[in-house]
Amino acid sequence: MVQRTFEGEVLTEPVVVEREFETVDMNINIGPQHPATHGVFRMVLTVDGEIVKDAIPYIGYMHRGGEKLSENLDYRGALGYQDRTDYLAAFNSEWVYVNAVERLAGVEIPERAEYVRLILAEFNRLLSHFMFMGAFGTDVGYFGTAFTWTFKERERIQDLFEAVCGDRIMYNYFRVGGLAWDPHETFVEDSHWVLDQVETGIGDVDELMTDNEVFVARCRDVGVMSAEDAISFGVTGPMLRASGVPFDLRVDEPYSIYDRFHWEIPVGERGDVYDRYLVRLEEMRQSVTILRQALDQMPTSGPIMPERMPARLRPEPGEIYMRQENPRGEYGIYMVSDGTDQPWRVKMRSPCFHNLSSLKPQVIGSYLADAVVALGSIDIVLCEVDR
Amino acid sequence: MEDGVTATQVVFWILAVVMLVSAIGVVTAGNIVYAALFFIAALAGVAGIYLILTVEFIALVQLLVYGSAVVILILFALMLTRARERPQALFGRSRPLGIAAALGLLAALIGAIVATTWSTPETSAAIQPVGLQAIGDAIFTIWIVPFIIVGVLLSIALDGAIMLASPDEDDN
Amino acid sequence: MPALEHILVVNAILFAIGAMGVLTRRNAVLILLSVELMLNAVSLNMVAFAVYGQVDFGNITGIVFAFFIIVIAAAEVALALGIVVRTFRNRATANVDEVNLLKW
Amino acid sequence: MVLSEFAGVSMPDWIDALLRIVFIVALMTINAFALIYLERKILARLQARVGPTRTGPIGTLQSIADALKLVTKEDVRPITADRWAFELAPYMAFVPVFLVFVPIPFTETWFIRDLNLGLLYVFGVLGLNIVGVVMAAWGSDNKYALLGGVRAAAQAISYEIPMLLIIVAVVMVAAGRLAVDGDASLAGSINAIVGDQTTTPYILLQPLGFVIFMIGALAELHRPPFDMPIAESEVVGGYFVEYSGMRWGLFFLAEYTALFLMVMLASSIFLGGWNWPFGADVGLGLQIVLTLVKTSVMIVLVIGSRALFPRLRIDQLMAFSWKVLLPFAIVQVIANGIILAYGGADWIVGVVSFALLGALFGLIYHLMRQRKGEGARTVSTTPATPRVITAPDVTPVEAGGD
């Protein structure tokens, strides 16, 4: 068995600690009910005192067969399941799905609907990153301060979503071809107000965490991953960018109307936990930039659904792989149509699953506390890992 | 010698009994951690007897060094080695022999103590409490060389302990 | 104040108990504890002699001696525990009978 | 202290002693209730919440409700826990903390007993507290508890040493000052030290000592950023993870009592305790107010630090104690010794200590800058223009064994 440390050297023997004296080493369960794990992830750490010698991740506690369920409903009916894969970025997940169906079926969608989708998805990115900041702060050891501060901002965005679609988490608002209904009348003004608040909130989080000496001491040079390793593990999203690869699907495989805006991609240098935090923080600022441009350009009126939509969607037989930049990385839907009104195959490529696979080399040899921080920096959503 | 029993003597005997029972606990307990906890009780008894002998300084040093540092080190080592061995493994094969030898030693000591005539002070009032200043003066004037040597010894012991406990580079 | 003989007898018993522990126990940590008991008995004796004015060098010497004993005991414990932990890591035992190699 | 001072009643010693003990126990229980409420409210304010509101006016009865809940809760002991260690540990952690109150002065004449070795006594007895923690950790038969207990023990030993050295430095200064009035051998007594600060609080003479003492106190109290023994996200609460009901409550009572104690000790030694700053003489009634005000202000600071700092890692904590605080404490002791031995004035001691404090902060700042890397942020941004990325050539990693 060939295994590589994350410095890149190939070892002929696996990085497993000698097990001669098992009494010294101790197995510790982090999860599924441990306060440090996000969702129901379970990680069995073999520790020698405080040093992690081995880590075995267990996933699958949340497996609900979302892919299979989507195959047994028609194209529109399966939309509800998409909210439930990545519940922190539900609009983004819906968007990938409807985009995949639209491309498969060849549906053109109106421009206003495109703008509303993009705005909601970017707001959702902000919301998801706020959630990351709060949870990560708790992992690092803030006694709830980061959590409540970010949740204050998250609430504002959720209020906006509630005003738009009537729900705070499971939106189910996008439709194949457009949107379920027009956003409320003051949508643009509300969004601007929320953006102003959120920008202040980002500054607050920045002041609370970024330059805090203890925070830096905990995050710098922890869980370092090289660009090569990140690519090799299939890591995408902010984690990949933190490792120094400026890869962002919004730019590298432009979808929707992202080519109409000017913004910048944050890229880390060291690939450690602190870079992941900084990349996400900067990404939130860039999202605000995108949102301001989109809100200004958005047509004030217009259709939100195509003129004619078939009552039953029966795409021509064929396949599509639609991938988009979710807050956690590349979220893809692979869909095969056999000409009926149900997809023959739906496969979700979830970013967290791949990002999580890079955890083990990050934590082996580190301190127990660093393992928790490294896990937190991946920003997993277990529903999405297990699907 | 005074006639009658004073309160100090009663306290002394209570402390002595606590100390001795705890000491027996240390050497007979079937569980190592229990032995360490008994050890704390025995140390507290010793500190109490120091107090009765009016040397508060030594009593407090006893509490500070033994009570917290040494006992914590021992408990620490017990936790690191996770010693959960069978009770019989705690005693060697030569147990009866050891008990006999200890009893013989005890008999010899007590015999010697009883056989000697001690010129004890007439009353307890003749015993002056030893001030902290006197101890300090003694340590820093008469005993300054041993004091420095002890300091050097401590730092060497610290280095040695770190050397021993830190894992070797070529261990694996 | 208790009589000097009583204190000495108590200390002798404490010393004997410690000696018994050293002779009967197998576990290195327990032997260390027993040695500490013996040391305590000795330093109690020193203090008793000093307080009752039985030492030629004057009243204070026994107390200073007890102080030194406590300090050295701390150093001894640190070193001994280092050895115990080291032995345990290498030999997976804290029993002195089983540590029969002169090198490891 | 209690009746005999105010009412002028003479009473037997044992009644007097009993009254003093009752006074301390009652005060500390009320103090724990008040601190828990205060902590929840202050933390809530810092965290954009409102904290308890429902029980009593603005939630003031919340602690009592909590206590009632704890008392009525089932006291669970895990089946594999070691019975004696598990059940005795809370008392072992709790009793030493209360014993420490003996030499602490509330006013010029209010203390249980003025011990000549008061400072040594405080640290000697307080150190026993950790035995209870380790007993709980071992007795619970829980791996998280064990890790937490080991962390607590390592932390306690490490931070006791710089604190004790700093106490030595303070006592040296106090002895030098007290020798002017006559009796330098009183310098170990806390009350004598406080009495010496009528004009100059010792924080001006030993600012480095104050900082090291407070850092050590935070570490001893398991307060952020040194709360690894009870780190929720790592060891799930640490050594009291298996405790419930009143035994858990005892740990909490001990914790808040120790908080009050440490902060009161710091305000006595460094901030002048019951003295009005700069020499004004206030009556006994105002002295206790002054003591409590100084203590409360510092308690609020300690509580606030909980909201604003994340947690250090255990090796960083140990390194900070052994590599930074300990050398500075030793240097402070040596500097005090040299200055006082050659008859230097007090203000020289103060200036040297301020210089050392500046050096300490400079060192910490330098270390942090070094760790953070050049510039505050290492994230660079590239304009988002469509482009083609060619992935570097990598050999795929085979899946790990497990």
Find the distance between [atom1] ([X]) and [atom2] ([Y]) and round it off to the nearest 0.5 Å.
X	Y	atom1	atom2	answer
B:Leu20	C:Asn11	CG	CG	9.0 Å
C:Ile70	B:Tyr50	CD1	OH	5.0 Å
B:Phe38	C:Leu37	CZ	CG	12.0 Å
C:Ile63	B:Leu53	CD1	CG	9.0 Å
C:Ile17	B:Met19	CD1	CE	8.0 Å
C:Phe68	B:Leu153	CZ	CG	11.0 Å

Can you give me the closest heavy-atom contact between [X] and [Y], atom names plus distance?
X	Y	answer
B:Ile113	C:Val9	CD1-N, 4.0 Å
C:Leu23	B:Ala102	CD1-N, 4.5 Å
B:Ala161	C:Leu79	N-CD2, 3.7 Å
C:Ala12	B:Ile110	CB-CG1, 4.4 Å
C:Phe67	B:Phe147	CE2-CE1, 4.0 Å

So [Y] and [X], do their side chains get closer than 4.5 Å, heavy atoms only?
X	Y	answer
B:Ile58	C:Met46	no
B:Val150	C:Ile72	yes
B:Leu106	C:Met20	no

Contact origin within [X] toward chain C - heavy atom pairs under 4.5 Å:
X	value
B:Ala23	both
B:Leu105	side chain
B:Leu103	neither

* Among C:Asn40, C:Leu8, C:Val77, C:Val10, which residue forms the greatest number of heavy-atom pairs with chain B at distances under 4.5 Å? ->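 Winner by heavy-atom pair count: C:Asn40.
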* For chain B, the option from C:Gly18, C:Ala80, C:Ser43 that forms the most heavy-atom pairs under 4.5 Å ->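 Heavy-atom pair counts peak at C:Ser43.
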